Protein chains: 2
Amino acid sequence: MPGPTVPEGYDKYAHEPFAVTADLAVLTIRDGVLHVLLVERGQEPYQGHWALPGGFVQPDESAETAARRELAEETGLSDVSELHLEQLRTYSEPDRDPRMRVVTVAFTALLPHPPEPHGGSDAAQACWVPYDKAGPLAFDHDRILADAHDRVGAKLEYSSLATAFCPPEFTLGELQHVYEVVWGTALDRPNFRRKVLATPGFVEPVPGAARLTGGRGKPAALYRPGTATTLHPPLLRPTPEGRPA
Amino acid sequence: MPGPTVPEGYDKYAHEPFAVTADLAVLTIRDGVLHVLLVERGQEPYQGHWALPGGFVQPDESAETAARRELAEETGLSDVSELHLEQLRTYSEPDRDPRMRVVTVAFTALLPHPPEPHGGSDAAQACWVPYDKAGPLAFDHDRILADAHDRVGAKLEYSSLATAFCPPEFTLGELQHVYEVVWGTALDRPNFRRKVLATPGFVEPVPGAARLTGGRGKPAALYRPGTATTLHPPLLRPTPEGRPA
DNA sequence: TCGACTATTAGTCACTACGACTATAAAGAG
DNA sequence: CTCTTTATAGTCGTAGTGACTAATAGTCGA
């Protein structure tokens with residue numbers, strides 16, 4: 001097989017190559033508020049604007065591998081093991097990058113306890129920004145971020161995704177807080193507890209452990225993520241749209 | 001802006017271009033069985049093998065536009081208006097095409113009444129194949145097809161997607177048949193009816209119309225798709241996995 | 001015309017799930 | 001000790017659901 005020449009069947013397209021990037025909407029909870037990781041672009045286009053972290057997929061990488069690498073480069077986060085990474089969707093409108101044809105594969109990542117990021121190679125600066133204050137972003141990243149938020153909110157209902165926001169051992173109060181922050185609604189605590197414990201495989205108790213970390217009130221029991229990935233029954237959010245009479 | 005030259009910031013990747021394709025998992029119901037549209041590849045690689053229809057995204061197209069165009073080219077289907085097209089996910093493993101780096105954006109399409117396809121430009125042959133008999137496919141198309149089936153099955157639960165499999169006016173029996181064929185399970189007819197009619201915006205009755213098409217038994221009332229896109233409450237499938245005691 | 005036969009539509013019943021709410025338990029602060 | 005705070009336990013009425021029975025309205029065949 002010839003290396004640099006283009007094989008038969010591909011030639012009429014190969015003179016217009018595509019660049020492929022991987023962008024990440026990295027979400028976490030800081031001080032009880034949903035935050036997203038943003039970088040300040042260090043070069044044109046959109047120099048000085050805020051954007052989602054990401055970069056070009058290299059020839060020997062899958063898009064997911066590239067996403068993990070870019071995230072480590074731009075945040076200095078080395079421990080990617082406790083990182084929940086999920087493909088969101090691909091954005092391919094011809095004019096989404098003003099310079100050339102760039103197709104981006106967007107990912108959503110969730111972090112339990114956010115590290116303090118630092119500026120890396122491509123990005124002039126990286127920091128956590130409250131989701132509500134994530135202003136106009138470069139390219140179509142506003143839409144990507146909104147899609148990521150929608151997806152995460154929906155997946156909380158029927159998957160055990162919420163534990164990815166929590167440390168390895170967590171209280172039910174912390175788990176409930178994840179739902180409240182992402183959905184933007186308050187939940188009844190006894191009912192939430194009943195539903196979580198009634199869903200097999202969602203969480204399992206840590207025997208004899210309780211959170212003692214300086215909180216007032218009764219110490220809460222600790223739980224670990226269970227074996228289930230999908231929740232039966234699901235944890236439906238209150239009135240996502242018009243409720244039946 | 002210079003045309004053929006590569007702008008600053010992209011140059012170190014541009015010498016390794018990616019090809020981007022759009023592939024489709026087109027599903028329909030024929031004779032009560034779930035079918036998928038396959039093409040026989042007319043050229044290498046995988047010449048003579050069956051594959052999902054699809055093709056290269058052209059420079060002025062989005063992936064979705066390319067998917068619609070390819071589908072029309074390879075099946076002769078001109079009426080793309082009643083075609084439900086949805087992005088599935090993107091497959092970007094470096095070795096998924098043996099010749100060069102090809103990233104594919106996969107789509108799922110649902111057709112209500114399948115036309116008889118004919119071979120087109122790129123494909124030697126195109127035809128409907130029962131989902132269960134869709135043998136080993138070219139590239140990673142087996143996995144794409146399985147992912148499409150999973151996604152459609154899941155979306156039936158909480159969206160009004162099933163009406164996309166049905167003609168503009170349909171009976172509740174036809175709608176139920178969609179669920180049974182995709183899920184591979186039998187459903188209780190009175191209960192299905194009760195749940196569909198209790199979900200606001202799912203379907204709305206066509207006044208005074210009934211299906212008279214030569215069937216035995218009582219003629220069924222006709223319904224149209226309603227205005228809802230998500231279902232509340234959802235139509236959960238029976239015991240997708242271990243049921244609680 | 002008179003049943004079979006078939007498919008749709010209506011209704012029953014027990015059980016589960018859930019929202020709203022109240023009550024108790026266990027810690028720290030003063 | 002007492003008040004405050006948070007976790008945990010329980011109650012009650014209602015809505016949703018699976019399994020099932022019954023009635024309705026057509027076609028088909030003798």
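Keep in mind that what you see is a predicted model, and the values were worked out from it rather than measured. Below, chain A is the first sequence line, B the second, and so on; all start at residue 1.
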K218(A), nearest nucleotide to its side chain (from dA7(C), dG10(D), dA26(C)): dA26(C)

For atom NE2 of H232(B) and atom P of dG19(C), their distance in whole Å: 13 Å

Any donor-acceptor pair under 3.5 Å from W50(A) side chain to P136(A) backbone: no

Closest to side chain of R216(B), choosing from dA27(C), dC18(C), dT27(D): dT27(D)

Nucleotide dC18(C), atom P - distance to CZ of F192(A) in whole Å: 12 Å

From dT8(D), dT24(D), dA10(C), nucleotide with atom closest to R193(B) side chain: dA10(C)

Spacing of L231(B) atom CG relative to dG16(D) atom P, expressed in whole Å: 14 Å

Closest approach of E70(B) to G54(B) (non-hydrogen atoms, all atoms of both residues): OE1-O, 3.4 Å

d(CG, L235(B); P, dA15(D)) in whole Å: 19 Å

Atom pair distance, as rounded to whole Å: CZ in F170(B) and P in dT8(C): 14 Å

Value in whole Å for how far the P atom of dA7(D) lies from CG of L222(A): 12 Å

Separation of dA7(D) C1' from D188(A) CG (nearest whole Å): 13 Å

Plane angle bin for Y179(A) and F202(A) - parallel if under 30°, tilted between 30 and 60°, otherwise perpendicular: perpendicular

Minimum-distance nucleotide to K195(B) side chain [options: dC20(D), dG18(D), dA27(C)]: dG18(D)

Side-chain donor/acceptor contact of R194(B) with base of dG11(C) under 3.5 Å: no

Which residue lies more 5' along DNA chain D, comparing L236(B) with L197(A) via nearest heavy atoms: L197(A)

Among dA20(C), dT17(D), dT8(D), the one nearest N191(A) by side-chain distance: dA20(C)

N or O in side chain of R189(B) less than 4.0 angstrom from dT9(C) OP1/OP2: no

Between D147(A) and Y91(A), a side-chain donor and acceptor under 3.5 Å: yes

Short side-chain to backbone donor-acceptor contact, T90(A) and T90(B), under 3.5 Å: no

